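Residue numbers start from 1 in every chain, and the chains themselves are labelled A, B, ... in the order their sequence lines are given, proteins ahead of strands. Predicted model, so just to flag it, every value in this text is computed and none were measured.
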There are 4 protein chains.
Amino acid sequence: MIFAIETDTTIPIYTQLTQQIKQAILNGQANIGETLPSVRSLASDLGVNMHTVNKAYNILVDEGILRKSQQGYSIQFNETLREAPNFRTEVQEQFKSVLIDGLIHGITFAQFQEWSQEIAEELNLSENESFNSN
Amino acid sequence: MIFAIETDTTIPIYTQLTQQIKQAILNGQANIGETLPSVRSLASDLGVNMHTVNKAYNILVDEGILRKSQQGYSIQFNETLREAPNFRTEVQEQFKSVLIDGLIHGITFAQFQEWSQEIAEELNLSENESFNSN
Amino acid sequence: MIFAIETDTTIPIYTQLTQQIKQAILNGQANIGETLPSVRSLASDLGVNMHTVNKAYNILVDEGILRKSQQGYSIQFNETLREAPNFRTEVQEQFKSVLIDGLIHGITFAQFQEWSQEIAEELNLSENESFNSN
Amino acid sequence: MIFAIETDTTIPIYTQLTQQIKQAILNGQANIGETLPSVRSLASDLGVNMHTVNKAYNILVDEGILRKSQQGYSIQFNETLREAPNFRTEVQEQFKSVLIDGLIHGITFAQFQEWSQEIAEELNLSENESFNSN
DNA sequence: GTGGTCTAGACCACG
DNA sequence: GTGGTCTAGACCACA
């Protein structure tokens, strides 16, 4: 599980981290039960502050993706994901925003579909979950 | 072209504005060449700060969507804006982020596809731009 | 809404804050929609760090009790409280722990009941919500 | 007297231990004068660190619940411990905290009362100590 | 003015 | 060794 932090972006570091951890879980690089690197060691590896890693980890705990114990953080990701009541709506609105932003700049639905397939393949979800499975 | 600003959210007001203007352009509520309401009047109508509307307009100018003249801001939206430099990769990354965020919380590709179709219909883009045009 | 922070306790300051805010809401000292003091001003008033107040506020946002907007934090506390799936169980276990801790030190159930009534009166919930209402 | 330690929680192990010992005393599984398993053997059985069991035992000694002798730790639990100094107010405050936390999330006093009765039955305290004894 | 992010560093609790 | 709490202070985004 290798993380790459970009500093020349406006995306917060802790968001970059949560995204990459989620991706690692989805594509199987990180397995359920696996222990994550300690807050301080990961911070040291990435050259960021401890608190930043800590925030990323705790966001994932709140989302039900990580589990916090006294030995550190490990991957939970079971069915009991605690979703905020309007989580679907939030994702849907973000999805719509991205589409509109792309469409007005000439990106076609076909292009978005292509990207979806790429992501599906990258995550090894192409068989039963694919965007164009039907 | 009616705008609805929500103050109970963390989404910046100017972002809400730019998105709604883009959407109005896409679905034909706003036509090319049309002049937008003046900064002052729109700010007054929406009950927001003048600087906020100004910021939204100028972002759209930078994106090549609006054109600023002596008479105010008008809608450009021609083919020139289709060559935005790294806008493609930016949108692509945002798209991927949203997908991953949804997928890890159980939202399927099929669901995203359904949302895409809804958005396509809402924007009346089914003919030449539609997601399932092929 | 007056807060009192005790430093000679092991209870984290942000927990003391969240509890007092909850109590203020329950007993009507804080009304729905009311804006809370800004993170920095409250921190200054209490003589604690900004981040500590920030943490308390954000915990309450996560619990669905506060609402975060660009103008600050305000009291939400509506029916759409987003509860973690095992929230009831957690409270129940804490409740049991406290009872056991008291019982072994000679505190009787009657004493706990008395305390409940005091709390109910303090919160003006005695009529329809009281612990011994039946 | 069987103990179950959960490592997937943030509750300190020594706290889990002290609570379960207290509960065992209350419900009669552990009798006054009885000797507890040695620190080493219990630590070995539970797969935890020796120091952790030691800490739990010593906390109970400080609370007047256990007695340390040459032969090990045994259960005291006499009337002398009923005069803990500020234990009453501590427990009372914890009790209030739990109630407030539950109430603001919609748990009613009636629910807390029900839980109390369940706990009373579980501890076989219904006769002389019960919450609804009057 | 509001909150958000990040850093640096200290001290504590747990095992 | 692990994470938790708190502080002090800087810089940025938003309105």
Please state how far atom CG in B:Asn54 lies from atom C1' in F:dC14, giving the value in whole angstrom units. 14 Å
Sequence neighbours excluded, which residues qualify as salt bridge (charged side-chain N to carboxylate O under 4.0 Å, His left out) partners of B:Lys22? A:Asp101, B:Glu63
Indicate whether any N or O donor in one side chain lies under 3.5 Å from an N or O acceptor in the other, for B:Asn54 and B:Asn58. yes
More 5' along DNA chain F: A:Gln71 or C:Asn49, using each one's nearest nucleotide? A:Gln71
Applying side-chain hydrogen bond (donor to acceptor under 3.5 Å, both in side chains), name anything that partners C:Ser69, two or more places apart in sequence or on another chain. C:Gln71
Does B:Gln23 have any side-chain hydrogen bond (donor to acceptor under 3.5 Å, both in side chains) partners at least two apart in sequence or in another chain, and if so, which? B:Glu122
Per nearest nucleotide of DNA chain F, the residue lying toward the 5' end, A:Tyr73 or B:Lys55, is A:Tyr73
Listed in order of residue number, which residues of residues 10-24 of chain B have a non-hydrogen atom at under 4.0 Å from DNA chain F? B:Pro12, B:Ile13, B:Tyr14
By side chain to side chain contact (heavy atoms under 4.5 Å, CB included), C:Glu93 pairs with (sequence neighbours left out) C:Thr89
Nearest heavy atom decides the nucleotide; on that basis, is C:His51 or A:Met50 closer to the 5' end of DNA chain E? C:His51
Encoded 5' to 3' (Watson-Crick or G-U under 3.5 Å; [ ] crossing; | other strand), DNA chain F becomes ||||||||||||||.
Under 3.5 Å, sequence neighbours excluded: what are the donor-acceptor pairs made by side chains of residues 8-18 of chain A?
unit_1: A:Thr9; atom_1: OG1; unit_2: A:Ile11; atom_2: N; d: 3.2
unit_1: A:Gln16; atom_1: OE1; unit_2: A:Glu6; atom_2: N; d: 2.8
unit_1: A:Gln16; atom_1: NE2; unit_2: A:Glu6; atom_2: O; d: 2.8
unit_1: A:Gln16; atom_1: NE2; unit_2: A:Ile11; atom_2: O; d: 3.1
unit_1: A:Thr18; atom_1: OG1; unit_2: A:Tyr14; atom_2: O; d: 3.4
unit_1: A:Thr18; atom_1: OG1; unit_2: A:Thr15; atom_2: O; d: 2.8

Between C:Ser74 and C:Gly33, which heavy-atom pair has the shortest distance, and what is it? CB-O, 3.8 Å
All side chain to side chain contact (heavy atoms under 4.5 Å, CB included) counterparts of C:Ala30, not counting sequence neighbours: C:Met1, C:Ala24, C:Ile25, C:Glu34, C:Ile75
So what does C:Val48 hit on the nucleic acid, given a heavy-atom distance under 4.0 Å: a base, only sugar-phosphate, or nothing? sugar-phosphate
Side chain to side chain contact (heavy atoms under 4.5 Å, CB included) partners for B:Asn49, two or more places apart: B:His51, B:Thr52
Distance-only donor-acceptor pairs under 3.5 Å for side chains of residues 36-43 of chain B, two or more places apart:
unit_1: B:Ser38; atom_1: OG; unit_2: B:Ser41; atom_2: N; d: 3.1
unit_1: B:Ser38; atom_1: OG; unit_2: B:Ser41; atom_2: OG; d: 3.0
unit_1: B:Ser41; atom_1: OG; unit_2: B:Ser38; atom_2: N; d: 3.3
unit_1: B:Ser41; atom_1: OG; unit_2: B:Ser38; atom_2: O; d: 3.1

Bounds of contact between DNA chain E and chain C, in 5' to 3' order, using a heavy-atom cut-off under 4.0 Å: E:dT2 to E:dC6
Between C:Gln70 and F:dA15, is there a side-chain N or O to OP1/OP2 distance below 4.0 Å? yes
Side chain to side chain contact (heavy atoms under 4.5 Å, CB included) partners for B:Ser97, two or more places apart: A:Gln19
